[in-house]
Amino acid sequence: MSFQAEVKRDLMRVARPGVAVGIDLGIKTLAVLADSTGEIRTVDNPRHLDAALKQLRRTSRVVSRRQGPDRRTGRKPSKRWEKANAARNKVHHRVANLRTDALHKLTAAVAAEYGTVVVEDLNVAGILRNRRLARRIADAGFGEIRRQLTYKMRRRHATRLVAADCWYPSSKTCSGCGAVKAKLPLHVRTYACDSCHLVIDRDDNAALDLAALAAAAVTGTGVAGDQDTPKRVSKPRGADRKTRATRPRRKAEAGRAGGATPPHQRQEEARDRTQAEALTLW
């Protein structure tokens, strides 16, 4: 028997309602939290899947040596295959439960402490196409962190969640003077500013930039460029986006099979945006 019950709960007040925090997600450290007071904290990545890979390989090898089901011939699995498959599934379930528990504890602590949280609007599906980092990114659960923060902050505390645009150069922008680097490779883990000579960890710098974006949603109209603050150093063209060639839809034309477009007629779309489009208020 199952039943549902509707319970009315009062909103819980956060511990620091006037403090904003920026969260920079990563693989080496799961999250770097930098608040508007200048405090920086790091959350280590537990890497539950990496810890269980040896056991998963062993259980999967046992399953492959048993007589499994075959849909083509209608063969049913053997009892030994079902037992081995259950042992493998048990390892998968444990990893999933450990990951869910860690993410819930992290998001609940952040939602209960800060009045404003700034996160990046990451294209997780696109990041997972990197075959060298896909397994660790999926194990970290970037999308799940964003989803949990959204409903916990809205329903439990009625606080604000600000999502920075995925093209906002948080890692390339100096948290001290606002200068933007044209290029910053991923292997460079220390940010060194050429203007104010600030040397800081790359993830800490990105988290501080995200925390600074919260002031735009408070003093302005919700966009990063509409605020009464000194103008930042202008960034070079193409610092935050790459120019990609886009092809228009193919149309049947006379004299050309399939409506193909010659290379000289292809349009190029400069994917540069100003920082006025850097925020999305959720």
Side-chain angles (χ1 to χ4, degrees), residues 1-7 9 23-33 41-112 117 119-157 161 163 166 186-187 189 203 206 282:
M1 181 179 63
S2 63
F3 60 91
Q4 288 183 338
E6 183 176 354
V7 180
R9 295 183 178 178
I23 302 179
D24 181 72
L25 301 177
I27 298 177
K28 184 177 180 180
T29 57
L30 180 60
V32 178
L33 287 73
R41 292 182 295 175
T42 59
V43 179
D44 295 333
N45 189 358
R47 300 187 180 184
H48 300 295
L49 181 60
D50 287 351
L53 276 181
K54 183 177 180 180
Q55 189 176 3
L56 281 173
R57 292 192 183 102
R58 183 172 62 251
T59 54
S60 298
R61 187 162 54 246
V62 175
V63 172
S64 66
R65 293 173 178 174
R66 302 294 185 260
Q67 182 175 330
D70 193 344
R71 295 183 178 180
R72 295 174 299 176
T73 61
R75 184 182 64 187
K76 294 183 179 180
S78 64
K79 296 296 182 180
R80 299 180 69 194
W81 183 92
E82 292 179 349
K83 183 178 179 180
N85 189 46
R88 180 179 60 177
N89 292 341
K90 185 177 181 180
V91 179
H92 278 294
H93 284 279
R94 175 174 171 78
V95 172
N97 292 335
L98 289 173
R99 183 189 302 114
T100 303
D101 178 71
L103 296 183
H104 271 296
K105 289 179 179 178
L106 171 62
T107 55
V110 172
V117 177
V119 295
E120 291 180 298
D121 188 15
L122 298 176
N123 180 17
V124 181
I127 299 176
L128 289 176
R129 296 176 184 174
N130 186 342
R131 62 183 181 88
R132 299 181 182 274
L133 302 176
R135 188 180 67 194
R136 289 183 171 86
I137 292 174
D139 186 29
F142 292 167
E144 183 65 14
I145 293 176
R146 165 77 177 278
R147 187 191 70 85
Q148 292 182 12
L149 283 175
T150 301
Y151 79 82
K152 288 181 181 180
M153 296 184 66
R154 283 182 179 179
R155 301 177 183 178
R156 297 183 184 179
H157 309 282
L161 178 66
C166 61
L186 189 60
H187 68 272
R189 306 311 304 173
D203 298 334
W282 294 83

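These numbers come from a predicted model, not from an experiment.
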### Task
Could you walk me through whether Arg146 and Asp121 pass side-chain contact (heavy atoms from CB on, under 4.5 Å), step by step?
CA-CA 8 Å; Arg146 165 77 177 278; Asp121 188 15; 3.1 Å; yes
Atom [atom1] in [X], atom [atom2] in [Y]: separation rounded to 0.5 Å?
X      : Y      : atom1 : atom2 : answer
Asp44  : Thr29  : CG    : OG1   : 7.5 Å
Ile145 : Leu122 : CD1   : CG    : 9.5 Å
Ile137 : Arg129 : CD1   : CZ    : 12.5 Å
Phe142 : Ile23  : CZ    : CD1   : 12.0 Å

#### Entry: Qualifying side chain to side chain donor-acceptor pair (under 3.5 Å) pairs, either residue in residues 52-68, two or more places apart
none
Using modelled atom types and a 3.5 Å cut-off, is there a donor and acceptor pairing between side-chain atoms of [X] and backbone atoms of [Y]?
X      : Y      : result
Lys152 : Val110 : no
Asn97  : His93  : yes
Arg88  : Leu56  : no

Return yes when atom [atom1] of [X] has more than 12 non-hydrogen atoms of other residues, nucleotides or ligands closer than 6.0 Å, and no otherwise.
X      : atom1 : answer
Arg189 : CZ    : yes
Arg75  : CZ    : yes
Arg41  : CZ    : yes

Nearest heavy-atom pair of [X] and [Y]: which atoms, and what distance?
X      : Y      : result
Asp139 : Leu49  : OD2-N, 3.2 Å
Asp24  : Ala206 : OD1-CB, 3.6 Å
Ala140 : Asn45  : CB-ND2, 4.4 Å
Ala138 : Arg99  : O-NE, 4.2 Å
Leu161 : Thr150 : CD2-OG1, 3.4 Å
Thr107 : Leu149 : O-CD2, 3.8 Å

#### Entry: Arg147: partners by side chain to side chain donor-acceptor pair (under 3.5 Å), with sequence neighbours left out
Glu144
### Message
Show, in sequence, the C-alpha distance, side-chain angles and deciding distance for Val43 and Leu33, and conclude whether the side-chain contact (heavy atoms from CB on, under 4.5 Å) test is met.
### Response
CA-CA 8 Å; Val43 179; Leu33 287 73; 3.9 Å; yes
#### Entry: Arg135 vs Leu53 side-chain heavy atoms within contact, under 4.5 Å
yes
### Message
Within the structure provided, determine whether Asp50 and Arg136 are in side-chain contact (heavy-atom separation under 4.5 Å).
### Response
yes
